[in-house]
Amino acid sequence: MILENYVAIDLEMTGLNAKRDSILEIGAVRVTNKKIEAEYQAMIHPHMELSKEVIKLTGITNEMASAGREMDEVFPEIMEFCKDYVLLGHNIIFDFGFLKQAARNRDLVFERCGMDTLKIARKLLPPEVKKTLQRLCDRFGILREHSHRALDDAKAAQELYEILESKYESQCPEIFVPVPLIYKVKKQSPATNRQKNHLQELADYHNITLNLSWDTLTKNEASRQIDKIIVQYGRIPK
C-alpha cells in the first residue's frame, strides 16, 4: 500500500509526560498525492519557565516561548491542518498522546491512524543500526537545519518515510499499512483553590516569581510546580 496522503508531524514539549507536561511547539507538513502541499508551525506559550534540559535540547529560550500563542488558539488550527489524514512521525504515538490529551482537555475528539518511521526502521534495518532520527538522517543523507525543532523534525520524518518506502515497500508491504493510534487519556481537572493558595504561599515565602496561567492551571501542573519548589527551596516551616 503506497501512502499518498498524510501529515508528518512533530512536537517539542516541556517534558515527557502527556498527562503532566505541555506542548511547546508544533511543526507539520501535509502531503497530498506524494507532494508537500502545506507546512504548519506554531510556538505555544507554556506559562512556565523552561527547564535547562529543554532549552539545551531544542534551543528554544524562555523569551521565544513567552512570545508563543495560546494553545486554545493553536489547537483548532492543527486539527484543521491534519484533516482526516494519516499522521506520520518518528515514534508517532508519543506526539499523538500529547495531541489527544490537548483535545480531551477541550472536550474535542482526536482519533487518527498513524505511520511510525521508528517502528519501520526497527523492523527493516539491522539491529546494530541506531534508530534515532538523527542517526537515520545521517545514514540516509537527510539534512536538518535545526534538530529538535518541530518543523525541521517533521520534514525529516517525511523524507525518511519516503526513502524507506521507496527502498522496502515492494519487499515488505505489510509494514507500510497505517494502523489506528491508541492512547487513553482523561480530562485534566483544574487546580483546586487549595493548590493555588499553597503554590502562591510557597512562592511568596521563597520570593519566587511564578510564570503561570492561573486560569488554565491543572491539578497535575499545580502538583508538579509545588513539588518542584519544595525540592529546590524547601517547605514552609510550621
Side-chain angles (χ1 to χ4, degrees), residues 8-29 39-71 74-75 78 88-99 101-102 116-118 121-122 129-160 183 188 199 202-203 206-213 216-218 220-234:
I9 193 164
D10 185 83
L11 310 180
E12 302 302 329
M13 301 84 158
T14 60
L16 301 177
N17 191 319
K19 298 176 176 61
R20 184 183 65 215
D21 299 305
S22 304
I23 299 172
L24 178 60
E25 186 181 38
I26 301 176
V29 291
E39 297 181 1
Y40 181 89
Q41 190 275 335
M43 186 78 70
I44 295 110
H45 196 316
H47 295 285
M48 61 177 288
E49 293 292 318
L50 301 179
S51 69
K52 292 179 181 178
E53 291 78 13
V54 168
I55 294 172
K56 182 179 180 180
L57 179 69
T58 65
I60 298 172
T61 65
N62 282 303
E63 291 74 20
M64 293 166 63
S66 63
R69 299 157 64 198
E70 296 298 324
M71 190 60 179
V74 170
F75 196 75
I78 193 60
L88 180 143
H90 204 67
N91 195 16
I92 185 61
I93 195 64
F94 181 62
D95 301 274
F96 178 72
F98 276 82
L99 291 169
Q101 184 67 68
D116 191 344
T117 52
L118 176 59
R122 283 174 173 169
V129 174
K130 299 292 185 181
K131 310 303 190 302
T132 64
L133 185 58
Q134 181 61 60
R135 291 296 186 90
L136 293 173
C137 284
D138 292 342
R139 181 181 179 87
F140 292 110
I142 299 170
L143 301 179
R144 287 186 295 173
E145 185 175 353
H146 302 288
S147 61
H148 296 292
R149 289 300 302 272
L151 184 57
D152 289 81
D153 284 359
K155 290 179 177 179
Q158 184 269 335
E159 190 173 346
L160 174 62
Y183 191 94
Q188 294 172 327
L199 186 53
L202 282 167
H206 293 294
N207 195 26
I208 301 168
T209 300
L210 295 174
N211 183 20
L212 299 172
S213 174
T216 61
L217 190 67
T218 66
N220 285 341
E221 290 171 330
S223 294
R224 180 165 58 85
Q225 290 293 330
I226 290 169
D227 291 342
K228 181 180 177 181
I229 292 173
I230 290 174
V231 168
Q232 188 170 356
Y233 298 97

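- For CG of Asn207, the number of neighbouring non-hydrogen atoms (other residues, nucleotides, ligands) closer than 6.0 Å is 12 at most.
- In this structure a side-chain-to-backbone donor-acceptor pair under 3.5 Å is missing from His206 to Ile230.
- In this structure, Glu25 contributes its side chain and Ala150 its backbone to a donor-acceptor pair below 3.5 Å.
- Remark: the backbone N or O of Arg144 is not paired with any side-chain donor or acceptor of Asp152 at under 3.5 angstrom.
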Margin query: Go through it in stages, so that I can follow the logic: the residues are His90 and Thr132, the test is side-chain contact (heavy atoms from CB on, under 4.5 Å), and I'd like the CA-CA distance, side-chain angles, deciding distance and then a yes or no.
Written below: CA-CA 8 Å; His90 204 67; Thr132 64; 5.5 Å; no
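- Between the side chains of His47 and Glu70, at least one donor N or O lies within less than 3.5 Å of an accepting N or O.
- For Lys56, the NZ atom is loosely surrounded, since the number of other residues' heavy atoms within 6.0 Å does not exceed 12.
- One finds the CG atom of Leu210 at 5.0 Å from the CG atom of Leu199 (value rounded to the nearest 0.5 Å).
- Between the side chain of Ser22 and the backbone N or O of Thr14, no donor-acceptor pair lies under 3.5 Å.
- Proximity of a side-chain donor or acceptor of Asp116 to a complementary backbone N or O of Asn91 within less than 3.5 Å is detected.
- The two residues Ala157 and Gly89 come nearest to each other via the heavy atoms CB-CA, 4.3 Å.
- If you take CZ on Phe75 and CG on Leu99, they are separated by 6.0 Å, rounding to the nearest 0.5 Å.
- In this structure, Ala42 and Arg69 approach most closely via the heavy-atom pair CB-NH1, 4.1 Å.
- Environment of CZ in Arg135: sparse, with no more than 12 heavy atoms of neighbouring residues, nucleotides or ligands closer than 6.0 Å.
- Checked by atom type and distance alone, the side chain of Asn62 pairs as donor or acceptor with a backbone atom of Leu50 at under 3.5 Å.
- The shortest side-chain heavy-atom distance between Val54 and Glu12 does not fall under the 4.5 Å cut-off.
- The two atoms that bring Phe140 and Leu160 nearest to each other are CD1-CD1, 3.7 Å, heavy atoms only.
- Residue Lys131 comes nearest to Val129 through the heavy atom pair NZ-O, 2.6 Å, listed as atom of the first residue, atom of the second, then distance.
- Distance OG1/Thr218 to CD/Gln225: 10.0 Å, rounded to 0.5 Å.
- Note: Leu24 CG to Met43 CE = 6.0 Å, rounded to the nearest 0.5 Å.
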Note to self: Walk me through whether Ile9 and Ile92 qualify under side-chain contact (heavy atoms from CB on, under 4.5 Å).
What the structure shows: CA-CA 8 Å; Ile9 193 164; Ile92 185 61; 3.7 Å; yes
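- Of all heavy-atom pairs between Ala156 and Cys137, the closest is CB-SG, 3.8 Å.
- Counting only heavy atoms from C-beta outward, the side chains of Ile60 and Arg149 approach each other to under 4.5 Å.
- The shortest heavy-atom contact between Val74 and Tyr40 is CG1-OH, 3.3 Å.
- Taking CD from Glu49 and CD1 from Ile208, the interatomic distance works out to 11.0 Å, rounded to the nearest 0.5 Å.
- Side-chain contact check for Met13 versus Asp95: some heavy-atom pair is nearer than 4.5 Å.
- Counting only distance, with no hydrogens or angles, the side chain of Ser66 and the backbone of Glu63 share a donor-acceptor pair below 3.5 Å.
- At a threshold of 4.5 Å between non-hydrogen side-chain atoms, the residues Gln188 and Glu221 do not count as touching.
- The backbone N or O of Leu16 sits less than 3.5 Å from a side-chain atom of Asp21, completing a donor-acceptor pair.
- Remark: Met71 CE to Ile44 CD1 distance equals 5.0 Å, nearest 0.5 Å.
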Next item on the list: Determine, step by step, whether Glu39 and Leu151 satisfy the side-chain contact (heavy atoms from CB on, under 4.5 Å) criterion, reporting the C-alpha distance in whole Å, the side-chain angles of both residues, the deciding distance to 0.1 Å, and the verdict.
Entry: CA-CA 8 Å; Glu39 297 181 1; Leu151 184 57; 3.8 Å; yes
Margin query: Evaluate Thr117 against Leu136 for side-chain contact (heavy atoms from CB on, under 4.5 Å), listing each step before the verdict.
Written below: CA-CA 10 Å; Thr117 52; Leu136 293 173; over 6 Å; no
